[in-house]
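Have a look at the structure below, then the notes.
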Amino acid sequence: MEKKEEIVNDNNNNGNSEESSQTQTLKDGSICGFQSLHRLLESSLSPQAFKEVSRLLIGLNCGKALEPLTIVETAKDLSSQHDFDIQAFKFNADKELLREARIVRVGLIQNSIALPTTAPFLDQKKAIFQKLKPIIDAAGASGVNVLCLQEAWMMPFAFCTREKRWCEFAEPADGESTQFLQGFARKYNMVIVNPILERDLKHGETIWNTAVIIGNNGNIIGKHRKNHIPRVGDFNESTYYMEGNTGHPVFETAYGKIGVNICYGRHHPLNWLAFGLNGAEIVFNPSATVGELSEPMWPIEARNAAIANSYFVGSINRVGTEVFPNPFTSGDGKPQHADFGHFYGSSHISAPDASCTPSLSRNKDGLLISDMDLNLCRQLKDKWGFRMTARYELYADMLSRYVKPDFEPQVISDPLLPKNHL
């Protein structure tokens, strides 16, 4: 539930409020005691100033401020009982004469792990299942049509450690986590995007970072494997799995055409483009990312993708600081440590008209609900003409030459430059 936070001044900090605020942010994951930047600004600015700042930060939907949705009492009660953030908004589209509105209700879930990483693995997984049950029930009670969970939601994000024992969390695409969610899909007539650590039993028990798409009848529609694997900082994921082999599939569901751009793929514009070329109307970006590495990029990349590709984007990030039993290093010169850093949540939804929702909490589990009129996708294609004005034949020619060993960049040098000029 939305709550007002207050900044508590430390009377013993000798006036060094900036240092105190930074310490608080590092300690509890908040921003100066607030759960999100949006809430900090709302509390700190006058209503008129906040309205104008919001217009600049999160845009306007069809020329108006994004509309809030009424949250049903059942979901409010679950949020209060289980202490998770819940917010709900509505993206409109212009009324058309020849097409009815295509309203889809989407839900995003962000969560922290439920037990310490030292607990038995089976207990950890079961505890996460139990933790998510009331949040999924809140989504179902709210009439969510398509629900997406965070990357590798069924385990700690242990890929920093390079320890192979965490491979035990891997499971088949139709394994325990999928079976757990299939019951909710059938119960609530809901499509669920289920990002797991997959063990491919038919191909040498190879491990993949995979999203399984569960249909609203509880059936498995298909799966997509993560295209881009990070090798930066503590993200040592290629120790466990390599680049996926499923291309850029778009899944036609009862509620629209969806794609899944898993985590690190959001840094690759052509990855976003490929889902758009295949006809996606909603692309989910289930992620696990930490503040020091990526937070300035987080509000930008998915929103840019939504604009450039004329589809909606749902961005999901896990929450909390996960401490592992054995310290590790990552070849970056930093001293050994036992955690990734703070997973800052901040899940949000971006629309093709450059508007977006406020983010969920930076330090709490949460459920973000959004109605979206998918007609907005075509309306923005017609308005901006990005597909019509793109020069795909030029890009294709450039890329076909670039991937060859004898590629020469198209650089025209000033003939008056010194010959040894770099």
Side-chain angles (χ1 to χ4, degrees), residues 146 148-152 159 170-175 177-178 191-215 219-231 235 237-238 240-288 301-302 304-306 308-316 352 374 377 381 386-387 390-404:
V146 185
C148 186
L149 280 60
Q150 67 198 23
E151 182 182 21
F159 311 123
E171 58 186 65
D174 59 355
S177 298
T178 296
V191 172
I192 301 179
V193 180
N194 172 31
I196 63 168
L197 188 65
E198 179 201 2
R199 186 178 294 279
D200 185 354
L201 300 180
K202 293 183 179 180
H203 294 88
E205 301 196 1
T206 303
I207 292 177
W208 306 92
N209 186 319
T210 300
V212 180
I213 314 302
I214 303 171
N219 56 306
I220 296 177
I221 298 175
K223 64 186 177 184
H224 173 55
R225 291 167 173 162
K226 186 172 180 175
N227 276 332
H228 299 278
I229 309 302
R231 297 160 178 86
F235 288 83
E237 297 176 44
S238 57
Y240 300 87
Y241 44 80
M242 298 299 286
E243 285 75 13
N245 58 2
T246 53
H248 298 86
V250 168
F251 302 93
E252 187 169 13
T253 75
Y255 305 112
K257 296 178 180 179
I258 65 174
V260 190
N261 185 2
I262 303 173
C263 197
Y264 195 68
R266 73 180 178 278
H267 305 309
H268 295 267
L270 292 180
N271 209 44
W272 291 110
L273 172 65
F275 290 110
L277 295 181
N278 280 329
E281 297 168 310
I282 309 168
V283 176
F284 294 99
N285 179 226
S287 300
E301 290 172 306
N304 283 349
N309 296 288
S310 303
Y311 52 47
F312 289 90
V313 175
S315 304
I316 313 100
L374 298 184
C377 299
K381 289 177 182 176
F386 291 150
R387 288 285 180 265
R391 298 297 304 278
Y392 298 115
E393 72 283 0
L394 292 181
Y395 314 149
D397 176 67
M398 172 67 176
L399 290 171
S400 68
R401 289 185 288 109
Y402 179 76
V403 298
K404 296 177 180 178

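In this text the structure is predicted, and so the values were computed from the model without any measurement.
For the residue pair Arg231 and Met242, the shortest heavy atom distance occurs at NH2-CE, 3.5 Å. Across all their heavy atoms, Asn278 and His248 have their closest contact at ND2-O, 2.8 Å. Across Tyr264 and Pro230, no two heavy atoms sit closer than the pair CD1-CB, 3.5 Å. The two atoms that bring Ala302 and Trp272 nearest to each other are CA-CZ2, 4.1 Å, heavy atoms only. Here the closest non-hydrogen pair linking Ala211 and Val260 is CB-CG1, 3.8 Å. Residues Ala288 and Glu151 approach most closely at N-OE1, 3.2 Å, considering heavy atoms.
In this pair, Tyr241 and Phe159 present their aromatic rings perpendicular. The plane angle is above 60°, beyond the 30 to 60° band.
In this structure a side-chain-to-backbone donor-acceptor pair under 3.5 Å is missing from Glu237 to Ile229. Panel note: side chain Asn285, backbone Asn261; a donor-acceptor pair is recorded below 3.5 Å.
A salt bridge does not link Glu281 with Lys381: every distance from a Lys NZ or Arg NE/NH1/NH2 to an Asp or Glu carboxylate oxygen is 4.0 Å or more.
Atom NE2 of His268 sits about 4.5 Å away from atom NE2 of His228, to the nearest 0.5 Å. Note that CD1 of Ile196 and CD1 of Ile207 are 11.0 Å apart. Values are rounded to the nearest 0.5 Å. Here Leu201 contributes atom CG and Glu171 contributes atom CD; the two are 10.5 Å apart, rounded to the nearest 0.5 Å. For the atom pair CD1 (Ile316) and SG (Cys148), the distance works out to 3.5 Å, reported to the nearest 0.5 Å. To the nearest 0.5 Å, atoms OG1 (Thr253) and CD1 (Ile192) are separated by 12.0 Å.
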Evaluate side-chain contact (heavy atoms from CB on, under 4.5 Å) for Lys226 paired with Trp208, printing each intermediate quantity in order. CA-CA 8 Å; Lys226 186 172 180 175; Trp208 306 92; over 6 Å; no
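With a 4.5 Å cut-off on side-chain heavy atoms, Asn227 and Ile262 do not count as touching. Residues Leu277 and Tyr392 are in side-chain contact: their nearest non-hydrogen atoms beyond the backbone lie under 4.5 Å apart. Taking the side chain as every heavy atom from C-beta outward, Leu149 and Pro195 approach each other to under 4.5 Å. Proximity of Val193 to Ile213: side-chain heavy atoms (C-beta onward) are separated by under 4.5 Å at one or more points. Side-chain contact between Val283 and Asn309 is absent, with no heavy atoms from C-beta onward closer than 4.5 Å. You'll find the side chain of Lys223 reaches within 4.5 Å of the side chain of Glu198, heavy atoms only. A 4.5 Å side-chain heavy-atom check between Leu374 and Ile282 finds at least one atom pair inside the cut-off.
Annotation for Glu252: atom CD does not count as buried by contact number, only 12 or fewer foreign heavy atoms lying within 6.0 Å.
In this structure, His224 has its ring center no closer than 6.0 Å to that of Phe284.
When Asp200, Asn209, Thr246 are each tested for a side-chain hydrogen bond (donor to acceptor under 3.5 Å, both in side chains) with Arg225, only one passes: Asp200.
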